[in-house]
There are 2 protein chains.
Amino acid sequence: MSKDALPGLTLCNNAMLRRAARKLGQFYDDVQAPSGLKATQQGLLYQIHIGGEPAMGAIAAALVMDLSALGHTLKPLIRDGYVETFADPDDRRIKRVRLTPRGLVKLDEAMKLWQVAQQRFEDVIGKDKAARLRAALDEIAALDFDLPPAS
Amino acid sequence: MSKDALPGLTLCNNAMLRRAARKLGQFYDDVQAPSGLKATQQGLLYQIHIGGEPAMGAIAAALVMDLSALGHTLKPLIRDGYVETFADPDDRRIKRVRLTPRGLVKLDEAMKLWQVAQQRFEDVIGKDKAARLRAALDEIAALDFDLPPAS
DNA sequence: CACCAATAGTGGTATATGCCACTAAATGAA
DNA sequence: TTCATTTAGTGGCATATACCACTATTGGTG
């Protein structure tokens, strides 16, 4: 069997997803670079902002992200003074997160650039297609792969 | 706790893409774990396999990945003896990559698990929808965001 | 030939993410 | 109340990825 006959990685849903994520991530990062925030950081700040002093676990769940990964990602943002954490008074296991005033300003700044990137992407790909894509991606993020055997 | 009233990050194409990539990546990784390879590594081995001793730059281009990122990602695979590199005799700047016999065996093993993950995902999401999704993702990976140079 | 610009990779540094082992705090019995 | 269990985070380690500065080659030019 010749290698040339083998199907490319175009068939792998996961590989395609990652590849597109790299491409789009580079684009959004590029546009948002002047703010000093990566697109991921801007998204995280936004999530915290609209979350109402969310618990770390809540953020991680919303972003379908490992809790420890969230903790690591948060560190540069805390170091730079954009977010701060505090223990929930009713349950000291819970650590809540909020933006600092400085973080709020920075988020504002980054959001303006985000709009530019978002707009340009949708101009290029088409608004409808983008909406359909997001719907599909949302569905994937919500999937449950668990096999339904004994329980 | 439904904060779905606010314009969540569901609107950001990039955030949605990353989130779905995390989710799907975790699933594929999980299924492929018994092989000892991450899904990304399996994809990379596969790309090398079908590439015919590709140059590093060619791999990076195919995967829409930074060249230096590829170099770093390759290191564990070289360390574990799955791939090896050699200089192109006609152009010593170029470094070509190939699978070792051991790498080929490992790829075979991982591909069997990949099929399981791939199959299960498509069972859950629907084969048509998966195909359409891959097409959209392929399109994104091929986009050119450069502003028209107004020449 | 001598030089300079373009090309291909390397290494360092930083963020993004995941898993695992471990700690602390709350919970649910016994 | 006491103790096992569950829940929420932390820290360490490893891979994934990007950008930048730097090196080694190759090619084109005067």
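Each chain gets a letter, A, B and so on, in the order its sequence line appears, and its residues count up from 1.
In this structure, CG of Leu24(B) is placed 13 Å from P of dG18(C), rounded to the nearest angstrom. A straight line from CG of Asp29(B) to P of dC20(C) spans 12 Å, rounded to a whole angstrom. Taking atom CG on Asp88(B) and atom C1' on dT26(D), their separation rounds to 12 Å, with Å as the unit. Computed from coordinates, the Asp90(A) CG to dA8(D) P distance equals 14 Å when rounded to whole Å. Rounded to an integer number of Å, the gap from CZ of Arg18(B) to P of dG18(C) is 10 Å. Between the CG atom of Asp66(A) and the P atom of dA8(D) there is a distance of 14 Å, given to the nearest Å. Spacing between atom CZ of Arg19(A) and atom C1' of dA18(D) amounts to 18 Å, rounded to whole angstrom units. Rounded to whole Å, the distance from NZ on Lys23(A) to P on dA18(D) is 11 Å.
Using cut-offs of 30° and 60° for the angle between ring planes, the Phe121(B) and Phe145(A) rings count as tilted.
Sequence order on DNA chain D of the closest nucleotides to Met56(A) and Arg22(A) puts Met56(A) first from the 5' end. Positionally, the nearest nucleotide of DNA chain D for Arg79(B) lies more toward the 5' end than for the other of Pro89(B) and Arg79(B). A residue-by-residue look at Thr40(A) and Asp30(B) shows that Thr40(A) has its nearest nucleotide of DNA chain C further toward the 5' end.
Residues that satisfy the side-chain hydrogen bond (donor to acceptor under 3.5 Å, both in side chains) test with Thr73(B), not counting sequence neighbours, are absent from this structure. Shown here are the side chain to side chain contact (heavy atoms under 4.5 Å, CB included) partners of Ala20(A), two or more places apart in sequence or in another chain: Leu17(B), Leu137(B), Ile140(B).
For Gln26(B), no side-chain nitrogen or oxygen approaches OP1 or OP2 of dT17(C) to under 4.0 Å.
A salt bridge links Glu139(B) with Lys129(A): the closest approach of a Lys/Arg side-chain nitrogen to an acidic carboxylate oxygen falls below 4.0 angstrom. Taking the charged nitrogens against the carboxylate oxygens, Arg19(A) and Asp138(B) do have a contact shorter than 4.0 Å, which makes a salt bridge.
Of the residues in residues 68-78 of chain B, those lying under 4.0 Å from DNA chain C by heavy-atom distance are Ser68(B), His72(B), Lys75(B).
Residue pairs meeting the salt bridge (charged side-chain N to carboxylate O under 4.0 Å, His left out) criterion with at least one member in residues 55-65 of chain A: none, sequence neighbours excluded. Within the structure, every pair that satisfies the salt bridge (charged side-chain N to carboxylate O under 4.0 Å, His left out) test and touches residues 31-54 of chain A, not counting sequence neighbours, is listed here: Glu53(A)-Arg98(A).
Within 4.0 Å of Ile94(A), counting heavy atoms only, lie sugar-phosphate atoms of the nucleic acid but no base atom.
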Polar atoms only, N or O, under 3.5 Å: list the protein pairs with nucleotides 23-25 of chain D and their distances.
from: dT25(D); atom 1: O2; to: Arg93(B); atom 2: NH1; distance (Å): 3.3

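In this structure, the side chain of Asp66(A) engages the main chain of Ser68(A) through a donor-acceptor pair within 3.5 Å.
Side-chain contact between Tyr82(A) and Pro76(A) is absent, with no heavy atoms from C-beta onward closer than 4.5 Å.
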